Amino acid sequence: MADPNGYHDDIGDTFVDGFDGDGFPGDRPSRMASVEPAPQPAGGGIAARAMAARQSKAPDYLEGLNPEQRQAVETLNGPVLVLAGAGTGKTRVLTTRIAHILATGSAGPAEILAVTFTNKAAREMKERIARFIGGNVEGMAWLGTFHSICVKILRRHAELVGLKSGFSILDTDDQLRLLKQIIQAEGLDDKRWTPKAFAAMLDGWKNRALTPNEVPEGEARAFANGWGRKLYEEYQDRLSILNACDFGDLLLHVITLFKTNPDILADYQRRFRYMLVDEYQDTNIAQYLWLRLLAQGNPNVCCVGDDDQSIYGWRGAEVDNILRFEHDFRGAVVIRLERNYRSTSHILAAASHLISHNQGRLGKTLFTDFDDPENELVSVASCWDSEEEARSIGDEIEALQANGHALNDIAILVRASFQMRSFEDRFVTLGLNYRVIGGPRFYERMEIRDAMAYFRCVVQPADDLAFERIVNTPKRGLGEATLKLVHELARADRIPLMQAANQLCQTEEIRPKARNALKEVLANFERWRGQVDSLSHTELAEIILDESGYTEMWRLDRSAEAPGRLDNLKELIRSMEDFESMAGFLEHVSLVMDRDSVEGNDAVSIMTLHSAKGLEFDTVFLPGWEEGLFPHQRALDESGRAGLEEERRLAYVGVTRAKKRAKIWFASNRRIHGQWQSSIPSRFLDELPEEHVEIVEQSSNYGGYGGGGYGRSGGGGSRFDNRDPFQNTYSTPGWQRAQKARAAQDAVFERGDFRSSRSKKQGPLTIEGELVAKSVSEAPSEYSMGERVFHIKFGYGAIIAIEGNKLTIDFEKAGQKKVLDSFVERH
DNA sequence: GGGGTTAAGATTTTT
DNA sequence: TCTTAACCCC
């Protein structure tokens with residue numbers, strides 16, 4: 001299977017099968033001395049404790065594992081792929097495997113490379129291993145995220161990739177500002193060619209580990225009429241002057257380092273005797289190459305993942321990595337974990353049936369023995385609009401609460417964050433405790449970034465972006481004109497801004513007022529730098545914020561947010577206490593943008609489906625299952641069938657978060673960008689298995705599958721009390737039409753012949769666009785052209801087009817809209 | 001340099 | 001519809 005990028009083959013295909021019996025790297029080359037911390041030979045530390053524990057009693061950590069899990073834990077040598085379905089004990093396998101490696105003395109803690117995607121996952125794994133081992137895990141130096149491990153490696157060999165060890169890591173904000181400068185410096189219009197668009201393109205390249213000269217000509221040309229490659233080069237050049245790198249570079253530089261310094265690579269290959277990768281389905285090409293370079297010396301790679309839960313394709317994740325594991329790692333053992341310990345059989349059946357509509361899966365069949373006495377069917381309910389959705393779900397939650405269910409066991413999972421708002425509004429009115437997970441993060445707040453910029457300037461004098469950020473914050477009369485002079489000198493001499501500013505201050509080039517202000521700032525930084533060693537970093541931080549006038553600035557600010565910002569600054573200083581030095585803190589912040597979410601009170605969780613991966617709740621509400629929202633129109637437009645399949649995996653992730661109750665909702669109308677849109681039930685609803693789903697018809701339902709017709713008055717009472725399980729919903733005309741439409745559509749899919757069925761009238765631009773259009777029935781409508789109708793939200797209008805049961809209506813007030821015929825009445 | 005006005009864009013998100 | 005960022009004028 002030829003890969004368009006050819007990436008699977010560009011470092012050769014030779015792999016040693018079986019175990020590479022290299023002993024402890026006792027006599028390492030001298031260079032290795034710099035790659036501390038040194039592994040602890042079995043005999044001290046964790047391994048010793050683990051072994052001692054093992055001798056005193058049987059390895060009880062293996063107890064209670066099912067046969068597959070046990071195989072995944074015990075197959076230590078050679079490549080292993082663990083396909084771990086949702087809720088099958090993936091984390092348990094990973095941690096037990098590490099415990100097993102240690103307990104059998106197969107390797108010391110510092111000889112295990114264990115990679116995760118998120119800090120949270122790394123943290124959890126550390127905690128769980130600690131519990132096994134009965135101590136802390138200080139020796140597990142190489143358990144962390146891809147990025148943090150790369151930083152660790154890069155800090156030791158920075159000079160080999162053109163950096164200095166103290167390099168800083170840019171966040172997205174810095175990156176965009178820098179890109180903007182570069183685009184403007186080339187004389188390009190940054191409106192036409194936005195920094196954001198270029199950042200996205202860069203990201204794509206770096207995710208595939210492409211350096212500027214490796215970017216395919218066509219892609220390089222795509223940006224700004226052929227400036228793409230030049231801009232990429234320019235950007236990398238600027239980064240190295242700034243002694244900085246972006247997130248993508250962390251991986252990329254390590255790959256370059258390994259490729260150009262075989263001796264260093266060999267050292268790491270020897271060091272990492274066992275490698276484990278979590279969430280393998282989320283790896284991008286750069287991560288794959290990185291892993292593969294290391295695995296060339298040593299085939300003991302264990303990757304754990306679930307192709308059905310790959311939901312980060314838009315961020316560069318390559319499902320192909322997991323699909324091709326057996327090919328890429330010769331002699332791989334593939335173990336499937338299919339016994340689910342989380343959900344009821346109905347939930348599992350619904351999720352499995354849904355995901356079976358995807359092609360290109362490795363295929364797993366989840367099963368469970370778990371019999372919940374109540375074993376509720378997955379429910380599907382409809383409502384008029386997002387407000388009613390929020391109201392009904394709020395009512396259901398209150399009912400659950402009244403029955404003794406904890407709010408902590410309940411979650412609402414949405415496709416897009418704008419959906420959260422109606423729930424928040426409603427829950428505030430109800431006085432129902434909730435917490436939003438994800439969302440704007442602490443370290444992204446303006447005042448925190450400003451404060452951090454001050455610290456960065458002290459610790460990393462070449463950090464231009466930080467300097468620029470705060471040079472005139474608070475206002476010091478250092479305007480555009482002054483900065484321009486500094487910039488020009490810095491550019492011309494290829495020196496950092498602060499150095500350029502220093503030089504300029506010795507001359508007469510800047511007007512005295514600005515010069516004095518600039519001198520003062522520079523003197524401040526000089527002084528603070530001198531205090532780094534004499535004061536504790538928290539003290540210094542307070543002094544910096546104080547003497548710079550930054551705290552003062554907010555104290556004088558009379559706006560409503562100012563007090564909160566001051567609190568945040570205090571919180572920032574407090575969180576610095578956990579770190580040894582300011583540099584350590586800065587690195588932590590750039591790599592760990594999340595703060596531990598405070599669990600605290602009993603509250604309903606509201607979050608996106610993406611951030612729900614890996615979590616579980618007794619009851620899960622899944623609102624907004626409508627075409628265009630879920631699957632999201634943009635996913636369909638931009639990524640076609642692959643996009644649809646990823647959306648379906650997202651649906652699968654959503655449903656499998658539920659332990660006991662999964663409740664799906666869709667609204668007939670939704671306000672998107674302030675505009676009311678009528679919506680059509682998601683195709684995913686049709687992909688749920690009839691026998692495991694119940695359709696809940698609400699008393700005030702206007703939507704549904706056309707079965708209940710529509711009512712009047714969107715008014716207020718509880719929908720929960722009068723709900724009335726709709727008998728035999730699957731035989732309603734609406735459902736049958738939907739099924740029929742689906743069958744027709746699947747046939748089209750199967751033939752791969754999309755064009756022939758494209759509707760004549762307003763041919764959708766994409767294959768999937770057509771599928772969306774076709775998710776409505778083909779059955780002839782009872783309405784005719786020109787008829788005057790009434791729609792509860794849009795008012796009166798005339799029918800100007802009919803496609804099946806989908807009408808295009810020219811409303812007197814709302815303009816042209818497409819609606820299902822069941823939502824209007826003759827008038 | 002600040003404030004008011006206008007225009008554009010509005011999935012998903014970690015590191 | 002709403003938010004944010006850019007722009008223009010004082």
Side-chain angles (χ1 to χ4, degrees), chain A residues 115-122 144-151 154 169-177 180 190-192 194-197 199-200 203 206-207 245-252 278-279 282-284 286-287 310-317 386 413-422 437-441 443-444 446 472-482 514 557 559 587-594 607-614 624 628-639 643 646-647 649-651 653-654 670-677:
Chain A
V115 205
T116 62
F117 269 83
T118 63
N119 292 292
K120 195 174 156 216
T145 63
F146 274 104
H147 296 271
S148 64
I149 288 169
C150 285
V151 170
L154 271 187
I169 302 160
L170 301 191
D171 59 29
T172 342
D173 196 68
D174 296 324
Q175 192 189 23
L176 287 175
R177 281 188 293 140
K180 188 173 176 183
D190 66 322
K191 293 281 160 53
R192 174 78 182 80
T194 62
K196 228 176 129 192
D203 227 41
K206 291 192 174 179
N207 284 337
C245 55
D246 60 27
F247 284 119
D249 283 339
L250 295 175
L251 262 299
L252 206 41
D278 191 15
E279 306 279 16
D282 287 337
T283 48
N284 61 31
Q287 286 154 342
S310 163
I311 54 175
Y312 285 106
W314 49 275
R315 217 167 62 187
S386 51
L413 310 182
V414 297
R415 174 67 243 266
S417 38
F418 75 83
Q419 293 173 262
M420 292 178 181
R421 199 177 148 177
S422 53
I437 300 193
R441 277 166 292 169
Y443 292 114
E444 281 168 10
M446 185 201 343
N472 202 31
T473 309
K475 301 274 176 276
R476 305 188 171 94
L478 294 168
E480 218 177 298
T482 316
D557 191 300
S559 66
E587 178 156 313
H588 166 82
V589 172
S590 52
L591 289 174
V592 184
M593 292 295 281
D594 67 327
M607 68 188 98
T608 63
L609 287 160
H610 282 93
S611 39
K613 194 170 77 166
L629 176 60
F630 193 33
H632 201 283
Q633 190 59 50
R634 226 160 126 174
L636 303 178
D637 289 346
E638 285 170 12
S639 314
E646 184 155 309
E647 294 287 298
R649 290 194 290 265
L650 204 45
V653 167
R670 195 169 287 276
R671 199 165 47 184
I672 292 174
H673 310 331
Q675 216 70 33
W676 280 101
Q677 311 247 234

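Atoms considered below: every heavy atom in the structure, side chains included; atoms not considered: hydrogens, waters and symmetry mates. Residue numbers begin at 1 in each chain, while the letters A, B, ... track the order of the sequences. Bear in mind the structure is a predicted one, so any value in this text is a computation, not a measurement.
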Tell me whether the OP1 or OP2 atom of [N] has a side-chain N or O from [X] closer than 4.0 Å.
X	N	result
A:Asn284	B:dT15	no
A:Lys196	C:dT4	no
A:Ser148	B:dT15	no
A:Asn119	B:dT14	no
A:Lys191	C:dC7	yes

Residues at least two apart in sequence or cross-chain that pass side-chain hydrogen bond (donor to acceptor under 3.5 Å, both in side chains) with A:Ser611, listed by chain then number, are A:Thr608
Tell me which of A:Glu646 and A:Leu478 sits closer to the 5' end of DNA chain B, going by the nucleotide each one is nearest to.
A:Leu478
By nearest nucleotide on DNA chain B, pick out whichever of A:Lys475 and A:Ser611 is the more 5' one.
A:Lys475
Of all heavy-atom pairs linking A:His610 and A:Tyr312, the shortest is O-OH, 3.4 Å
Go through [options] for me and flag the one nearest to the [X] side chain.
X	options	answer
A:Glu638	B:dT14, B:dG1, B:dT11	B:dT11
A:Ala635	B:dT15, B:dT11, B:dT13	B:dT11
A:His147	C:dA6, B:dT15, B:dT11	B:dT15
A:Trp314	C:dC7, B:dT15, B:dT12	B:dT12
A:Arg315	B:dG2, C:dC2, B:dT13	B:dT13

Atom-to-atom span, [atom1] of [X] to [atom2] of [N] - whole angstrom:
X	N	atom1	atom2	value
A:Gln677	B:dA10	CD	C1'	13 Å
A:Asp246	B:dT13	CG	P	21 Å
A:Phe630	B:dT11	CZ	P	16 Å
A:Asp173	B:dT13	CG	C1'	16 Å
A:Leu629	B:dA10	CG	P	16 Å
A:Arg634	B:dG9	CZ	P	11 Å
A:Asp171	B:dT15	CG	P	13 Å
A:Asp282	B:dT15	CG	P	12 Å

Using a heavy-atom cut-off of under 4.0 Å over every strand shown, decide if [X] touches base, sugar-phosphate, or nothing.
X	result
A:Lys613	nothing
A:Gly477	sugar-phosphate
A:Asn207	nothing
A:Glu647	base

Centroid under 5.5 Å and tilt under 30°, [X] to [N]:
X	N	answer
A:His673	B:dA10	yes
A:His632	B:dT11	yes
A:Phe146	B:dT15	no

Salt bridge A:Arg177-A:Asp174, side-chain N to carboxylate O under 4.0 Å
yes
Under a 4.5 Å cut-off applied to non-hydrogen side-chain atoms, are A:Leu413 and A:Met607 in contact?
yes
Does a side-chain heavy-atom distance below 4.5 Å link A:Leu250 with A:Leu154?
yes
Whole-Å P distance, B:dT12 and C:dA5
16 Å
C:dC2 versus B:dT13 - spacing of their P atoms, nearest Å:
23 Å
Report yes or no: does A:His673 contribute a side-chain atom to a donor-acceptor pair with the main-chain N or O of A:Gln675 at less than 3.5 Å?
no
Please answer whether the main-chain N or O of A:Leu629 pairs with a side-chain N or O of A:Arg415 as donor and acceptor at a distance below 3.5 Å.
no
Report yes or no: is there a donor-acceptor pair, N or O only, under 3.5 Å between the side chain of A:Arg415 and the base of B:dT12?
yes
Name the orientation of the base relative to the sugar in B:dT12: syn if the glycosidic angle is within 90° of 0, else anti.
anti
